[in-house]
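Taking it in order: structure first as structure tokens, then the write-up.
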2 protein chains.
Amino acid sequence: MELDDRGVYLLSHLGYHVADRFAHDLAPLGLQPAQFGVLTHLARSDGRSQQELADQLGVHRNAMVGIVDALEGRGYVRRARHPLDRRAHAVHLTESGRTALDAARAVADELEASVLTPLDAAEQASLIAMLHRLVDHAGLPPGVHPALRTRLPRV
Amino acid sequence: MELDDRGVYLLSHLGYHVADRFAHDLAPLGLQPAQFGVLTHLARSDGRSQQELADQLGVHRNAMVGIVDALEGRGYVRRARHPLDRRAHAVHLTESGRTALDAARAVADELEASVLTPLDAAEQASLIAMLHRLVDHAGLPPGVHPALRTRLPRV
DNA sequence: TATTGTTATACTCTATAACTATA
DNA sequence: TATAGTTATAGAGTATAACAATA
């Protein structure tokens, strides 16, 4: 049995490749995958505290400081007073953050199309459905995974 | 479009998870993924130099020193004089190295079965065939991928 | 002059702890 | 006493450079 015939090998190989390409394609927008993750969460529910964001992304709150710093430095989010807890910051998506998120999503769509090119529409749907079942079975929490944790594109 | 519906997201999420579990399951054998990779290559063609092994695994020769050190320390390989080049070492798989490799392959088989449990035999074959096509299309070199580069199981 | 294996160094990342201000 | 955010520190991991032996 060759390495390349194992599903686990193919999955991890392809998974790393895709995560790597995503980080690389995202770089021109000044975004890292983890930062994209934060923008995504904020788009669904704005004004989260850093601790909440950290929990949702599966990172430590210490690391979230730097992520929010970077996003704020680019004007993609702003820290505001939290209405219920004066210890916490309410992190808000700005207009340019919204624009950046849309651009990042376009990058993800292009990558998706590029990676899945060899499959026709029915095959793509079938693949995604099967991957979904595997993810569910593995008990992986939605929206949180190690590739989003850090990772700069290597030059 | 939710994150979880993207193929690229599912692929990277699952890929990282599988690589992580493999490293974890391999640890009791005293092997890291990269070391498993070296044993696999030696099983196919014994007596390679460290430089050749480094090329095949996609790591730097400096890093191969430590990998071979670890394998030699456990008695899984031995460094011998290279018949053609006195600068180089010929790395040979030992009997216990062969045993360890077989055990590691069993670990990989168990992981494969565990991960793919939700799919019936036909679906598994279909998934693997599609992944194969995606890997080929992405131009990923066989037998070399980042997850095999290092990675200790996190406690 | 280039290459193999090796070692040492520097750099990056990550994880932990510690501090403050609130609760 | 516990928690949110922050900062500093230490530890691990990785990459780069430099060296001796040989080609």
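Throughout, protein chains are lettered first and strands after them, A, B, ... in sequence-line order, and every chain is numbered starting at 1. Everything numeric in this text was worked out from a predicted model, so none of it was measured.
- The listed nucleotides are D/dT6, D/dA4, C/dG5; the one nearest the side chain of A/Ala88 is D/dA4.
- When heavy atoms are screened at a 4.0 angstrom cut-off, A/Arg86 is found touching the sugar-phosphate backbone but no base atom.
- Here the closest non-hydrogen pair linking B/Leu31 and B/Ala100 is CD1-O, 4.3 Å.
- Phosphate contact (OP1/OP2 of C/dT6, side-chain N/O of B/Arg79, threshold under 4.0 Å): present.
- You won't find any donor-acceptor pair under 3.5 Å spanning the side chain of A/Arg87 and the base of D/dG5, going by distance alone.
- For A/Gln51, the side-chain atoms get nearest to D/dA4 when compared with the rest of D/dT6, D/dA4, C/dG5.
- At the heavy-atom level, A/His82 lies nowhere under 4.0 Å from the strands shown.
- As rounded to whole Å, 13 Å separates atom P of D/dG5 from atom CD of A/Glu72.
- Not a single donor-acceptor pair, N or O on each side, falls under 3.5 Å between the base of C/dT14 and the side chain of A/Asn62.
- A/Phe22 and A/Phe36 have their aromatic ring centers within a separation under 6.0 angstrom.
- Counting atom types as modelled, B/Asp85 pairs no side-chain N or O with a base atom of C/dT3 as donor and acceptor under 3.5 Å.
- For A/Glu110, the side chain to side chain donor-acceptor pair (under 3.5 Å) test picks out no residue, with sequence neighbours left out.
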